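Numbers here are sequence positions counted from 1. Keep in mind that this is a model prediction, so the values were computed, not measured.
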Amino acid sequence: MEENIIPYNYQISIDDRRKLNGHNSFLLWFTGLSGSGKSTIANLVEQKLFQQGVRTYMLDGDNIRKGINKDLTFVPEDRTENIRRIAEIANLMVNAGIVTLAAFVSPYKKDRENIKSIVKDVNFIEIFVNTSVEECERRDVKGLYKKARAGEIKNMTGISAPYEAPENPDIEIKTESESIESSAQRIVEYVIQKL
């Protein structure tokens, strides 16, 4: 069956789309524990870029899990497939000329490396929202840590499943000592140089 799949050669290129938009396109990948502040910071970054006329779109873990990836669980194999699908969607969006923001726990280094290979290194900006598990558990915005401690949630990253922190992220945000506003502004300043 695979031999019958032939990629279509589009007449409008990624460069054409970027030129029309007046800016570059790439993927901003926010990784960190649940409750670290990934989505909050990514949302603010998107607002700031949008206000500057940048075409953006944000992908978020909970929203994706309710739609395209609702058939996946949180076992390691499904986590890998979750991230692979998101990377493929993000790649389409980058090719469409859109600055794409993705906020996902994405706990495994190999999965984040795979994202880079799908969207290409040059289109990938890794943002590590570095918040301790103790602080995430203290915040417990969604009540997940309490459920994990009670044994109601299996494979909870940081509790019963590992999180492999990025070794050399493009940007590292430490939410316990840096405000959401200053974190977002620092990311925007980094991004603006690449537009």
Which is it for Arg139 and Glu135 under the salt bridge (Lys or Arg N to Asp or Glu O under 4.0 Å) test, yes or no, and what are the steps along the way? CA-CA 6 Å; Arg139 295 175 186 172; Glu135 177 62 16; 3.0 Å; yes
Does Leu49 reach the side chain of Gln52, with side-chain heavy atoms less than 4.5 Å apart?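 Leu49 does not reach Gln52 side chain to side chain.
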Does the side chain of Asn82 reach to within under 4.5 Å of the side chain of Asp111, using non-hydrogen atoms?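 The answer is no, as the side chains (C-beta and beyond) never meet within the 4.5 Å cut-off.
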Consider only side-chain heavy atoms of I, L, V, M, F, W and Y, link residues closer than 4.5 Å, and tell whether [X] and [Y] are in one cluster.
| X | Y | answer |
| --- | --- | --- |
| Tyr108 | Phe128 | no |
| Val105 | Ile153 | yes |
| Phe26 | Ile14 | no |
| Leu44 | Ile127 | yes |
| Tyr57 | Leu101 | no |

Under the 3.5 angstrom rule, does the side chain of [X] hit a backbone N or O of [Y] as a donor-acceptor pair?
| X | Y | result |
| --- | --- | --- |
| Asn24 | Lys194 | yes |
| Asn21 | Gly97 | yes |
| Lys38 | Gly32 | yes |
| Arg112 | Ser106 | yes |
| Glu137 | Tyr145 | no |

Value rounded to 0.5 Å, distance of [atom1] in [X] from [atom2] in [Y]:
| X | Y | atom1 | atom2 | value |
| --- | --- | --- | --- | --- |
| Glu126 | Glu167 | CD | CD | 10.0 Å |
| Asn123 | Asn95 | CG | CG | 7.5 Å |
| Gln193 | Glu189 | CD | CD | 8.5 Å |

Whether Glu88 and Arg85 form a salt bridge (side-chain N of Lys/Arg under 4.0 Å from carboxylate O of Asp/Glu) is what I want to check.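 Between Glu88 and Arg85 there is no salt bridge, as every charged N stays at least 4.0 Å from the carboxylate O atoms.
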Lys/Arg-Asp/Glu bridge criterion (N-O < 4.0 Å) met for Glu113, Lys110: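 So Glu113 does not pair with Lys110 through a salt bridge.
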Closest approach of [X] and [Y], non-hydrogen atoms and distance?
| X | Y | answer |
| --- | --- | --- |
| Ser36 | Thr175 | O-CG2, 3.4 Å |
| Gly151 | Lys154 | O-NZ, 2.8 Å |
| Arg79 | Pro107 | NH1-CG, 3.7 Å |
| Asn91 | Val119 | OD1-CA, 3.5 Å |
| Glu172 | Arg186 | O-NH2, 2.7 Å |

Quick one, Ile98 with Ser25, criterion side-chain contact (heavy atoms from CB on, under 4.5 Å). Give me CA distance, side-chain angles, the key distance, then yes/no. CA-CA 5 Å; Ile98 299 169; Ser25 61; 5.6 Å; no
Which of these passes side-chain contact (heavy atoms from CB on, under 4.5 Å) with Leu28: Val45, Asp170, Thr56?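 Only one of Val45, Asp170, Thr56 forms a side-chain contact (heavy atoms from CB on, under 4.5 Å) with Leu28, namely Val45.
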